[in-house]
Every structure is written in structure tokens, then in C-alpha cells.
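Single-structure report; data block below.
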Amino acid sequence: MKRLLLWAALLLCSVATAQNEYREIARLRAMNETVRGIRSMADGEHYTVLERGDIRRYSYALKNEGVSLLPESARQIEITDYAFSGDEKQILIASGYTPIYRHSYTTSYFLVANGRCEQIMTEAQAPRDAQFTPDGSQIIYSDKNNLWVYNIATKKSRQLTTDGAWNEVINGTTDWVYEEELGNTAAYACSPDSRQVAFLRFDESRVAEFQMMRFDAKLYNEAYSFKYPKAGEENSIVELWTIDLLTGAKQRIDTGKESDQYIPRIGYTPDGRLWYYRLNRRQNIFEMVVCEPSGAQHVAYEERARQYVERVDDHTITFLDKNRFIVRQESHTGYMHLYLYTVRGGLQGPITRGEWEVTQLVGTDGKRVWYLSTETSPLRRNLYSIRLDGKDKQRLTEGEGYYTIAPSRGMKYYISTFSSATTPNCVEIATGEGEKVRTLRESRELKEELAYTARPVKEFFRFTTERGDTLNAYIIKPKDFDPTKKYPVLLTQYSGPGSQSVEDRWSMGWEDALVEKGYLVACTDGRGTGFRGEEFKKLTYGRLGQLEVEDQLSFARHLAEQSYVDADRIGIYGWSYGGFMALGCALKGLGLFKMAIAVAPVTSWRYYDTIYTEIYNNLPQYNAAGYDDNSPINFARMLDDKKTRLLIIHGTADDNVHFQNTIEMARALNRAGKQYDMMIYPDQNHSMLPNDTYHVRQKMIDYTLENL
């Protein structure tokens with residue numbers, strides 16, 4: 001009995017210490033300095049940032065304290081976001097944040113002009129996604145699924161569409177699946193002359209309705225209903241329309257015979273011609289279509305792939321002028337590169353080439369292109385510039401690690417944020433030629449603390465699986481690591497298509513608390529992950545969860561063979577796709593893992609949305625095996641609950657990976673007579689917001705210490 005009490009006391013002490021470690025990790029992470037919300041001004045010589053409730057303008061070239069762009073009355077406003085008019089004489093401020101889904105929210109709007117700040121569009125019920133017209137005379141916005149225009153001179157709003165209705169028709173903003181998977185919420189664009197607005201109209205009346213229970217500490221809970229198209233089910237019918245802002249006349253634009261397709265982006269060329277992206281339901285045929293003033297249309301760019309075209313976004317196509325544009329794509333060579341096209345003449349030639357990938361087109365001045373790439377290593381990012389003809393390539397950044405870049409207009413300057421596994425953030429300004437101007441942040445205090453405490457860092461390596469595949473990986477060891485001892489190890493991973501977890505950049509997470517308690521933390525990017533070429537990434541197409549699980553099991557076996565690893569104490573963790581993977585490994589591992597934690601896991605791809613699931617797995621009507629053969633709910637019986645402790649965590653208000661996934665996993669495990677643990681977070685979303693981001697991580701620390 002005394003021995004049992006002593007063990008319990010030691011365990012409580014260990015957990016309490018880990019709680020302190022997690023607080024310390026959060027403190028250190030907050031010390032990693034950065035400059036957020038950098039926005040270049042039109043002259044390319046100045047930029048703005050949002051600081052302590054104030055919008056301040058700084059010079060790229062000269063060190064100064066910055067200039068406030070707000071009158072005193074505006075500094076009391078809670079600023080969520082802001083935008084300048086084209087002439088930068090007016091500022092539109094979004095104040096407050098009432099979330100709808102992951103990216104969308106309603107807000108209140110204020111206009112700063114002529115030294116005054118006043119609230120506008122006060123008659124709107126739930127305004128969102130507001131933008132200036134290019135001439136700065138009006139503001140387009142959405143309210144209750146309809147588009148409106150606010151005239152700044154008359155201070156009056158005019159309704160542009162009238163048929164918008166909740167769960168039926170959406171005008172000018174995106175439906176749930178477009179927002180989540182295509183990454184945009186505003187589904188309209190204004191012509192350069194400010195005379196016309198193009199917008200998407202979503203008819204989601206045929207999309208099945210999903211009911212998500214909300215409890216909100218009420219006596220009677222309520223169901224929240226929204227349209228969520230699951231794999232193989234009906235999508236919204238999306239139409240492209242234009243509105244003449246002077247007359248109000250509407251015109252539907254013909255987007256082809258097929259209605260079961262996607263229109264991911266719309267916009268105008270620099271000379272005012274409407275263009276739109278067109279993507280088939282399988283997502284393996286992508287087109288950019290340009291509309292002429294005469295009404296004629298032509299396909300200016302087309303890409304086809306056997307499996308899928310990598311998901312398109314705002315940076316897939318970049319217009320240089322009325323005729324030339326740059327495309328970022330991988331279908332020509334199997335690696336993501338830049339190509340120069342013309343609207344009528346098609347492909348002019350490659351800009352970049354090699355067995356490495358362009359990860360971002362940063363900017364262009366019409367003669368050169370600046371881009372980030374993996375040329376030095378798939379784990380790293382560096383900035384280069386090159387002429388449009390593919391000549392005179394120059395590497396502009398020198399650090400061996402990971403750069404992100406905020407460019408100035410016209411690429412006169414850029415602000416780089418650099419870190420590596422051993423070095424926290426350093427933020428610098430440089431000229432477009434790469435000449436350093438000055439340092440803005442260098443995380444000096446954090447660097448001093450890390451040096452003093454000698455905290456462990458990632459050690460990168462590559463290993464080869466039994467099948468001959470070479471995978472990138474890292475391991476973090478305790479600072480007092482002794483290779484003659486044996487340590488428990490936690491595998492952390494995400495593993496989703498095109499993703500990357502093994503990166504040479506500074507980070508700290510909840511897992512670091514375990515390292516401080518004598519655990520190893522390890523990670524590998526298996527087949528299907530990104531930045532190693534198209535072939536490697538698309539190996540998992542049509543069979544999500546098969547090869548990725550094989551690779552994590554291989555990684556666990558590889559670690560188990562190391563002399564310093566306790567082979568009986570290997571665990572695995574993952575969130576979202578990573579949760580799907582953690583379940584797959586726990587069930588197929590046959591006792592290889594002593595513990596598994598799956599947070600917000602997909603348990604059957606039949607429960608997930610159309611765009612994400614079908615691009616990687618085809619439609620279930622044509623690939624049923626790809627949905628069922630690796631679905632965790634279909635092999636719950638394989639859990640060895642005598643050897644593997646399983647914890648499933650989910651928020652009941654997860655509009656992304658529905659709580660249904662965990663309910664059905666629980667049903668399958670119960671029917672199979674298996675024992676497992678579960679942690680439920682009432683009314684929390686996919687990120688455990690708004691209340692429980694800290695609590696869930698502390699739970700995972702505690703559970704690992706108790707069971708691994």
C-alpha cells in the first residue's frame with residue numbers, strides 16, 4: 001500500500017512538473033519575435049503594420065519610429081483587419097470578429113478619411129468581406145448572402161442581389177466547402193475601371209444539410225444546420241454573373257455545359273477583361289478562361305493530370321500585363337516550377353527548372369521574378385530572383401534554414417523572416433537585389449535563454465524503409481541524453497497529401513514538454529507528403545491511409561532497433577489527418593505502439609467533404625475500396641487494447657471533421673469489445689477554439705506521462 005501511494009505521489013509530481021514545462025514552452029514560443037501583417041504601400045518605399053491598435057507606416061530604407069495613419073478617435077477601435085483605397089487616402093477598418101467558420105466572420109466597418117473616422121454601413125445586419133472599388137468611390141460588401149454597394153459620397157447602401165437566403169443561395173461569398181478547401185471567402189471581383197462587379201452565385205439548395213449540436217451551457221441544446229457536401233454527394237451549382245454598378249443590369253456568364261464543376265477564382269486582367277478558373281469535379285483538368293468584350297471566350301491556359309492538378313490558389317497564375325502571365329505548375333516536369341505564358345500565344349518557355357520545387361512566387365517587376373524554392377534541400381526555403389527568360393538566376397538569402405518573405409510593391413525591397421531548427425526568428429529588410437538594409441527583430445532574449453538552458457533541438461536524418469523508400473525525419477533527444485540508456489519515444493506526424501512536418505525551422509510544441517521529462521520525440525514525412533516531386537506526392541492517390549500508415553509503422557520499427565530506444569514504449573500522436581493516421585497505426589500496429597492519441601480524427605473519408613477527399617481519393621462511386629479498405633472504423637477489431645492505450649479527442653462543434661467521425665469510431669470499437677479512452681470538448685471547433693487549446697495539450701502531456 002505504501003509503495004502504491006509513493007508511486008501515485010511520484011506520478012502527480014511528474015505531471016505537475018510537466019504542466020510547468022508546458023507553461024514555459026508557451027512563454028518561450030511567445031518570445032520568438034516576428035513582424036505580423038506587413039503590407040507594402042503603393043510606392044514600394046513604405047509599408048504598414050498593425051501595432052497595439054494603431055496602423056503605422058514605416059520606411060523600408062530608413063530607420064524611424066513610424067507614423068500613425070489613424071486619427072485619435074480611431075485608436076479606440078478594436079481593429080480586426082484593414083485595407084487602403086487605391087489612392088491610399090482612405091482606410092477601411094473591420095472592427096470586431098464574429099466567426100462563421102474557419103476563415104469567415106461578420107464584423108463592423110469604419111471609414112477613415114480626411115482625418116475623421118466614422119462607422120459606415122450601420123444598417124447592415126451581418127456585413128462581411130468588404131472591399132473598396134479600385135477608384136475608391138464605393139465599397140462592395142456582403143450581408144445575409146447578398147451583395148451590396150456603399151456609396152462613400154452619399155453614405156447610402158444599394159442592394160445588388162436579392163435572392164440570397166441561408167442554406168439556399170449565396171451571392172458574392174463562398175459556401176462552406178469553397179471556404180475551407182479553396183481558401184477564400186469573398187467570391188467577387190471589381191473591374192479596374194470600377195464599373196462592373198463579377199461574382200459567384202452558389203445554389204446550395206440541393207446540398208445535404210448537416211446538423212451539428214450546440215450545447216452552450218443551455219437547458220435545451222440546439223442543432224446548428226449548415227450545408228456540407230460529403231464525398232460523392234451533391235455540390236452547390238455555381239454560376240458566374242456580372243453587375244453593372246451604374247445601371248444595376250445583371251448578366252450571367254457562360255462557364256460551359258458542365259454544372260458539376262468548380263470555379264475556384266475569378267478576376268480581371270490589367271486591361272479589364274474578365275477571367276475565371278474552371279476545374280472539373282475530379283480536379284484533374286484545370287483551365288483559365290479569358291472573356292473578351294465581344295462576349296467570346298478562350299482558354300488561355302489548360303493543365304491536365306492523370307491523378308489530380310495540385311490545388312489552385314491566388315498564386316497559381318500571376319498576370320504581368322494585359323497579355324503575359326506566369327503559371328506555377330508541376331505537370332510539365334514532375335516538379336513545381338514557373339512558366340511564362342501569353343493570353344493568345346500560350347507557353348513561351350520555362351522560367352525555372354530542376355529537380356526541386358518552387359514553393360512560392362514572391363513577386364515580380366515585369367522583368368524578373370522572385371521566388372522561394374527547395375533548391376538547397378526539401379527541408380529548407382531560400383529566396384532567388386531570375387529573369388523571365390530563365391537566365392541570370394541569383395540566390396538572395398544566405399541562411400541554411402527556412403525563409404518567409406513579405407515583398408514590397410515592385411520588389412524594390414523585401415522583409416525576410418528566417419529561422420532554423422537551432423535559431424529562432426530573425427526579421428530583416430533587404431533590397432530587391434538582396435543587399436541587407438537593417439534588422440527589425442532578432443529574438444535576442446530568446447536566443448540567450450536557449451543558449452543558457454541548452455534546450456534540445458531537432459536532429460535531422462534520413463532512413464530507408466523495408467520497401468526501399470528513403471524518408472526524411474528528425475528526432476529530439478533530452479539534453480542529458482545517454483546513448484547507453486533506453487528511452488520511450490513519441491512519434492508526432494500529420495502525413496497528409498502534400499504536407500510537410502520535417503522542416504529546418506524553429507518551433508516548439510507540446511511535445512517538447514515530454515523531451516524535458518526524458519522522452520524522445522521523432523517525426524517522419526512518409527510517402528504522399530510534399531516538396532519531393534509529383535511522383536512521391538501522388539503515390540497515395542486513391543488509397544489514403546495505406547502507404548502512409550506503412551511508413552509510420554516502418555519508422556517505429558526503425559526506432560525500435562536503435563540501442564537507445566525502449567521498444568516497448570513507443571507512442572504515436574496526430575491531429576486531423578494526423579489523427580486518422582494515429583488511429584490507423586494503433587489498429588494496424590498489432591501492439592507495436594504502447595499508446596496512441598488521435599485528435600479530431602477522420603475515421604472514414606465518406607464523412608469528409610467533396611473537394612479535399614475527391615482530389616486525393618476520387619469519388620466513392622468510382623473508388624469504393626479507397627474509402628473503405630483503410631477506414632479505421634472498418635478494422636476496429638484489430639486494436640490490441642491489452643498492449644495499446646488509445647485516446648480519442650474531439651470537439652463537438654467541429655464543423656470541419658465532424659464529431660460524427662469519433663461517434664462512429666466509438667461505435668465500432670464498442671461493437672468489437674475494445675477498451676479505449678475519450679476526451680470530449682463541448683462546443684469547441686476543429687482547433688479546440690474558442691476555449692480549450694491549452695487544456696487539450698495539457699491533457700495529451702498528462703496522458704503520455706501516464707501511459708507511455
Side-chain angles (χ1 to χ4, degrees), residues 83 85-86 90 92 104 106 109 111 120-121 123-166 168-175 178-179 182 184-205 236-256 259 261-278 288-297 314 319:
S85 59
Q90 304 175 94
L92 179 63
S104 56
T106 61
Y109 287 101
L111 183 66
I120 59 174
M121 304 181 297
E123 72 280 4
Q125 295 177 294
R128 53 177 290 203
D129 294 294
Q131 298 178 16
F132 284 108
T133 56
D135 65 5
S137 67
Q138 302 185 89
I139 297 171
I140 311 296
Y141 67 97
S142 172
D143 186 23
K144 295 291 186 180
N145 286 18
N146 279 308
L147 272 182
W148 296 68
V149 59
Y150 175 81
N151 188 295
I152 293 173
T154 64
K155 300 183 179 181
K156 292 183 179 180
S157 291
R158 177 164 52 94
Q159 192 166 356
L160 298 177
T161 65
T162 58
D163 60 342
W166 177 250
E168 293 183 16
V169 172
I170 308 171
N171 291 296
T173 55
T174 53
D175 66 359
Y178 267 58
E179 173 182 331
L182 299 179
N184 63 325
T185 62
Y188 69 88
C190 196
S191 62
D193 62 8
S194 301
R195 295 179 57 182
Q196 186 182 82
V197 171
F199 70 96
L200 297 181
R201 179 184 184 273
F202 291 78
D203 179 354
E204 57 176 0
S205 58
S236 294
I237 297 175
V238 183
E239 299 172 346
L240 175 58
W241 288 74
T242 61
I243 301 177
D244 187 304
L245 285 178
L246 182 62
T247 66
K250 300 182 183 68
Q251 179 184 2
R252 182 182 171 189
I253 306 300
D254 183 11
T255 56
S259 63
Q261 64 180 0
Y262 301 107
I263 306 178
R265 293 292 190 275
I266 60 175
Y268 287 86
T269 63
D271 64 340
R273 288 174 292 171
L274 176 66
W275 59 260
Y276 62 91
Y277 290 177
R278 183 166 61 198
M288 192 267 284
V289 182
V290 175
C291 305
E292 301 294 345
S294 64
Q297 298 185 17
D314 293 332
F319 274 93

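In what follows, residues are counted from 1 in the order of the sequence shown.
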Student check: side-chain heavy atoms of Asn151 and Arg158 closer than 4.5 Å: no

Test side-chain contact (heavy atoms from CB on, under 4.5 Å) applied to Arg128 and Ser104, step by step: CA-CA 8 Å; Arg128 53 177 290 203; Ser104 56; 3.4 Å; yes

CE on Met288 to CZ on Phe319, rounded to 0.5 Å: 3.5 Å

Selection residues 137-148 - residue pairs positive for salt bridge (charged side-chain N to carboxylate O under 4.0 Å, His left out), sequence neighbours left out: none

Gap separating the CZ atom of Arg195 from the OG1 atom of Thr242, nearest 0.5 angstrom: 12.0 Å

With Ala130 via side chain to side chain contact (heavy atoms under 4.5 Å, CB included) - residues at least two apart: Leu92, Tyr109, Met121, Ile139, Tyr141

Those residues that, when tested against Lys155, pass salt bridge (charged side-chain N to carboxylate O under 4.0 Å, His left out) (two or more places apart): Glu118

Those residues that, when tested against Asp129, pass side chain to side chain contact (heavy atoms under 4.5 Å, CB included) (two or more places apart): Thr173, Thr185, Ala186

Qualifying salt bridge (charged side-chain N to carboxylate O under 4.0 Å, His left out) pairs, either residue in residues 264-273, two or more places apart: Arg265-Asp314, Asp271-Arg273, Arg273-Glu292

Parallel, tilted or perpendicular: ring planes of Phe199 versus Trp241, cut at 30 and 60 degrees: parallel

Tyr277: side-chain hydrogen bond (donor to acceptor under 3.5 Å, both in side chains) partners, not counting sequence neighbours: none

Shortest non-hydrogen separation from Trp148 to Ser157 and the atoms involved: CE3-CB, 4.0 Å

Spacing of CG belonging to Asn145 relative to CD1 belonging to Ile170, to within rounding of 0.5 Å: 5.0 Å

Distance in Å, Cys190 SG paired with Asp135 CG, rounded so as to fall on 0.5 Å steps: 7.5 Å

Asn171 side-chain N/O to Leu147 backbone N/O, donor-acceptor pair under 3.5 Å: no

Side-chain heavy-atom pair Leu240, Leu274 within 4.5 angstrom cut-off: yes

Residues that Tyr188 engages under ring-ring contact (aromatic ring centres under 6.0 Å, His included), provided they are two or more places apart: none

Partner set under side chain to side chain contact (heavy atoms under 4.5 Å, CB included) for Thr162, not counting sequence neighbours: Gln159

From Leu200 atom CG to Ser236 atom OG, the distance as rounded to the nearest 0.5 Å: 10.5 Å

Backbone N/O of Ser194 and side chain of Thr133: donor-acceptor pair under 3.5 Å: no

Atom of Gly136, atom of Ser85 and distance for their closest heavy-atom approach: CA-CB, 4.3 Å

Residues forming a salt bridge (charged side-chain N to carboxylate O under 4.0 Å, His left out) with Asp203, sequence neighbours excluded: none

Atom pair OH (Tyr150) and CD1 (Ile120), whose distance is rounded to the nearest 0.5 Å: 5.0 Å

Criterion side-chain contact (heavy atoms from CB on, under 4.5 Å) on Val238 and Asp175, from CA distance to verdict: CA-CA 10 Å; Val238 183; Asp175 66 359; 5.7 Å; no

side-chain hydrogen bond (donor to acceptor under 3.5 Å, both in side chains) involving Gln196 - partner list, sequence neighbours excluded: Tyr268

Closest heavy-atom pair and its distance - Gly267, Ala189: CA-CB, 3.9 Å

Minimum-distance pair of heavy atoms, taken over all atoms of Ile263 and Tyr178: N-OH, 2.9 Å

Side-chain donor-acceptor distances from residues 245-255 under 3.5 Å, at least two apart:
| residue | atom | partner | partner atom | Å |
| --- | --- | --- | --- | --- |
| Thr247 | OG1 | Ala249 | N | 3.2 |
| Lys250 | NZ | Leu160 | O | 3.0 |
| Asp254 | OD1 | Gly256 | N | 2.9 |

For Asp163, all residues meeting salt bridge (charged side-chain N to carboxylate O under 4.0 Å, His left out), sequence neighbours excluded: Arg201

